[in-house]
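Notes follow once the structure below has been shown.
Residues: numbered from 1 along the sequence shown. Every heavy atom of this structure was used, including side-chain atoms; hydrogens, water molecules and symmetry mates were not.
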Amino acid sequence: MSSMSKPKVYITRRIDEKYLQAYQDELEIRMWEKEGGPVPRETLFKEIADADALFAVLSDSVDEELLSKAPNLKVVANMAVGYDNIDVEACKKHQVVVTNTPDVLSETTADLGFSLIMATARRIVEADEWVKQDKWQSWAPFFFAGTDIYGKTLGIVGMGRIGEAVARRAAGFDMNIQYHNRSRKKDAEERLNAKYVSFDELLETSDFIVTVVPHTKETDKLFNQTAFKKMKSSAIFVNISRGKVVDEEALAEALKSGEIQAAGLDVFDEEPIRADHPLVGLKNTVCVPHIGSASVETRTKMAQLCLDNIQAVVSGKEAITPVS
């Protein structure tokens, strides 16, 4: 197939060529030169003017303005499970297929969620900094004493694939697992020995609360001042879903006042955050830069699924994991 007739794909972040080699014969692939920095909007508009496919990441806004500048566009492959960065209705209007990357990142994101539970409960980051700053002088009975994880009650808000994966890990710590979800999942209750409770009961009785809900109108700032007031003063809050499901001002206040004990956060309302963000300077908070699915194995699978979706759609086949 000559390069003239290959479908054109634009990737909005630099990806190592080794992940693209298997697709080069079928697709003409161009990409932004930086892995860490977003492609400027004007550059993106120029690049998609003749593109058949867009390989996007969560920070790329795919809206009516963009779609109107891409008359040949057939598919947007989002390298994420969530797709709140994409105007799905506008894509339907322009007859553009939207795909995402479900399943492949559930286990890895659950690993990160449990890492945040452990890091906050056992004050791992604080203790690491103490040693690195050469402050360790002696041992004391309650020196960096944290909170036990085993035997405690874990409340999971959102019992989808990632929520279930977190519950499976919790079982190994002999935790009491309870969850709240839009709809009750009795099969999950049996498989995971999990108890369905109301949102309020979950807030009031859980030692650890992990949110894995998508961002919707219903979940916007779901975790707000009212929610934090209902939690135990010993509660630890972990967010591996979307930053916008949390009222960050209310969370910062709850952490400062001792209303809750600690928080582990992978996502934020506006990303990236800076070092002067009100949550970053708190000793009882662990903040990481949206790395839920960031293992080499999983990110490789996500990139391949995006490209496989693109290849399918541009060759006239059904998308593998379509959103719309």
Side-chain angles (χ1 to χ4, degrees), residues 81-82 102-124 146-216 218-219 222-224 226-242 245-246 251 254 259-267 284-286 288 291-293 295 298:
V81 175
D103 301 328
V104 294
L105 52 69
S106 300
E107 298 296 335
T108 304
T109 305
D111 279 352
L112 191 275
F114 222 86
S115 299
L116 287 171
I117 288 173
M118 298 178 78
T120 48
R122 297 303 305 271
R123 302 173 65 184
I124 300 293
T147 300
D148 281 333
I149 300 165
Y150 74 90
K152 294 292 183 70
T153 297
L154 172 66
I156 300 170
V157 184
M159 191 60 101
R161 295 181 186 95
I162 298 170
E164 288 195 21
V166 171
R168 287 196 297 274
R169 284 152 181 77
F173 283 73
D174 200 24
M175 299 184 86
N176 303 307
I177 302 162
Q178 55 187 19
Y179 77 98
H180 181 72
N181 201 56
R182 276 181 306 182
S183 54
R184 190 168 173 179
K185 300 179 76 173
K186 292 193 176 179
D187 61 325
E189 290 171 31
E190 290 173 19
R191 280 186 283 107
L192 302 165
N193 194 25
K195 178 185 173 188
Y196 178 80
V197 294
S198 69
F199 183 55
D200 282 352
E201 185 179 344
L202 184 143
L203 296 176
E204 290 163 7
T205 60
S206 298
D207 298 301
F208 296 87
I209 296 167
V210 178
T211 172
V212 279
V213 293
H215 178 240
T216 64
E218 291 73 32
T219 63
L222 178 66
F223 294 91
N224 51 28
T226 304
F228 294 123
K229 280 186 183 299
K230 287 177 181 172
M231 294 180 190
K232 295 180 178 182
S233 59
S234 58
I236 291 176
F237 174 71
V238 171
N239 186 7
I240 52 171
S241 55
R242 286 289 177 264
V245 306
V246 176
L251 174 58
E259 205 159 62
I260 65 172
Q261 183 171 312
L265 309 169
D266 182 44
V267 289
N284 56 348
T285 307
V286 175
V288 293
I291 56 171
S293 62
S295 72
T298 294

Spacing of [atom1] belonging to [X] relative to [atom2] belonging to [Y], to within rounding of 0.5 Å:
| X | Y | atom1 | atom2 | value |
| --- | --- | --- | --- | --- |
| Met175 | Asn193 | CE | CG | 13.5 Å |
| Thr285 | Leu116 | OG1 | CG | 11.0 Å |
| Asn284 | Ile260 | CG | CD1 | 8.0 Å |
| Lys232 | Ile209 | NZ | CD1 | 9.0 Å |
| Leu105 | Ile162 | CG | CD1 | 5.5 Å |
| Leu202 | Met231 | CG | CE | 8.5 Å |

Non-hydrogen atoms of [X] and [Y] that approach each other most closely:
| X | Y | result |
| --- | --- | --- |
| Val213 | Val157 | CG1-O, 3.4 Å |
| Arg168 | Leu192 | CG-CD2, 3.5 Å |
| Ala167 | Ile177 | O-CD1, 3.3 Å |
| Gly146 | Arg123 | CA-CD, 4.1 Å |
| Ala165 | Ser106 | CB-O, 4.1 Å |
| Thr147 | Arg122 | O-CD, 3.6 Å |

In plain terms, say whether Glu164 and Lys185 are close enough for a salt bridge, that is, a side-chain N and a carboxylate O under 4.0 Å apart. yes
With the threshold set at 4.0 Å, does a side-chain nitrogen-carboxylate oxygen contact exist between Asp187 and Arg191? yes
With a 3.5 Å distance limit and no angle check, can you tell me whether [X] reaches the backbone of [Y] through a side-chain donor-acceptor pair?
| X | Y | result |
| --- | --- | --- |
| Asp174 | Gly151 | no |
| Arg242 | Thr216 | no |
| Asn239 | Ser241 | yes |
| Asp266 | Ile240 | no |
| Thr219 | Pro214 | yes |
| His180 | Val197 | yes |

Do [X] and [Y] come within less than 4.5 Å of each other through their side chains, counting heavy atoms only?
| X | Y | result |
| --- | --- | --- |
| Val166 | Thr109 | no |
| Ile236 | Ile117 | no |
| Met118 | Ile124 | no |
| Glu259 | Lys229 | yes |
| Phe208 | Val238 | no |

Sorted by chain and number, sequence neighbours left out, side chain to side chain contact (heavy atoms under 4.5 Å, CB included) with Arg184 holds for Tyr179, Lys186, Glu189, Tyr196
Take atom CZ in Arg169; do more than 12 heavy atoms of anything else shown fall under 6.0 Å from it? yes
Is it true that, when you exclude Asp200 itself, more than 12 heavy atoms of the residues, nucleotides or ligands shown sit nearer than 6.0 Å to its CG? yes
Does Leu251 form a side chain to side chain contact (heavy atoms under 4.5 Å, CB included) with Leu265? I'd like the steps, not just the answer. CA-CA 11 Å; Leu251 174 58; Leu265 309 169; 3.9 Å; yes
Between Phe237 and Phe228, what is the ring plane arrangement, given parallel below 30°, perpendicular above 60°, and tilted in between? perpendicular
Ser206-Gln178 side chain donor-acceptor pair, cut-off 3.5 Å: yes
Indicate, with yes or no, if the rings of Phe223 and Phe199 have centres closer together than 6.0 Å. yes
Pairing residues for Glu190 by the side chain to side chain donor-acceptor pair (under 3.5 Å) criterion, not counting sequence neighbours: none
